[in-house]
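Each remark here refers to the structure printed beneath this line.
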Amino acid sequence: MTRNGWLLAALLIVAAWQGLRSWEARPVHPADGVLAPDDPVQAGDTDGKDIPAGRWTLTPKATYDITARVLGRENYRFDALADLIPEDLALGWGPMSDNTVLDRLEISQSSRFFWWRPLQELPLPSRDVIEHSANTHVIPADASVARDLVRLRVGQVVRLQGLLVDGKRDDGMTFRTSLTRRDSGEGACEVLYVEQVMIE
């Protein structure tokens, strides 16, 4: 085979692989209704032991158990947190897991933030949107959890269990997790050290 032939074959393989990944990651379209009715459960009963994670030291602040609909997901490879936090999940529960609300919103993610914008009049106050959705920075506890997280699709209902953590890197860089569902804007993201992933 000529050099151009090998190059063409390699490009076709890459294109096929990317197509397969796009197919596997396609959104799901669940039925109408509240799919994740319960608020996240947060408790302060951690063992208090720091968790080493490469250049980072993670300090548990609370246990966290959330069942939510995946509203969006964004992978990160090159920012300052990517070695620890390879993806963010926009999660919604209660009314923010219902198509009758979500169909009236535009949802987007970038630069470690999650935004929503009404496309038409909402059937609930904007405060309910804020208190029933969150951008969650997810840290996989191990390779198995990492595989489960990367396979999540927009529209799925997922249960995540783990620890909300603060972090400090060996060069002094730090982050803090949110510990309330009522905040918004900078500092409002939950940073979740994920120990278990279950598709509902």
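We use all heavy atoms of the structure for the numbers below, so side chains are in, but hydrogens, waters and symmetry mates are not.
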Between [X] (side chain only) and [Y] (backbone N and O only), is there a donor and an acceptor less than 3.5 Å apart?
X: Q109; Y: R73; result: yes
X: D88; Y: F113; result: no
X: S133; Y: G92; result: no
X: Q42; Y: L179; result: yes

Do [X] and [Y] touch side chain to side chain, with heavy atoms closer than 4.5 Å?
X: V158; Y: V197; answer: yes
X: P140; Y: P86; answer: yes
X: N99; Y: L35; answer: no
X: M96; Y: E131; answer: no
X: P40; Y: W93; answer: yes
X: R55; Y: R169; answer: yes
X: L58; Y: F175; answer: yes
X: W56; Y: L81; answer: yes

Item to complete: Have a look at I139 and tell me which of L192, V145, L84, I51 forms a side-chain contact (heavy atoms from CB on, under 4.5 Å) with it.
Response: L84

Response to the item:
From the list V194, L91, L164, side-chain contact (heavy atoms from CB on, under 4.5 Å) partner of T136 resolves to L91

Worksheet item: Would E200 and R159 pass as an ion pair if we require N to O under 4.0 Å?
Response: no

Discussion item. Does this structure show an ion pair linking R112 with D79, if we count only N-O contacts that are shorter than 4.0 Å?
Written reply: yes

Practice prompt. State plainly whether one hydrophobic cluster holds both F114 and L102, where clusters connect Ile, Leu, Val, Met, Phe, Trp and Tyr through side-chain heavy atoms under 4.5 angstrom apart.
Written response: yes

Worksheet item: Are W115 and V101 joined in one hydrophobic group, where the rule is that I, L, V, M, F, W and Y side chains link up if heavy atoms are under 4.5 Å apart?
Response: no

Worksheet item: Which heavy-atom pair separates G94 from S97 by the least distance, and what is that distance?
Response: O-OG, 2.7 Å

Item to complete: State the CG-CD distance between D148 and Q196, to the nearest 0.5 angstrom.
Response: 9.5 Å

Discussion item. With a 6.0 Å cut-off (strictly less than), is the heavy-atom count around CD of E106, excluding the residue itself, greater than 12?
Written reply: yes

Discussion item. T63 vs V41, test: side chain to side chain contact (heavy atoms under 4.5 Å, CB included). Steps then yes/no.
Written reply: CA-CA 8 Å; T63 60; V41 177; over 6 Å; no

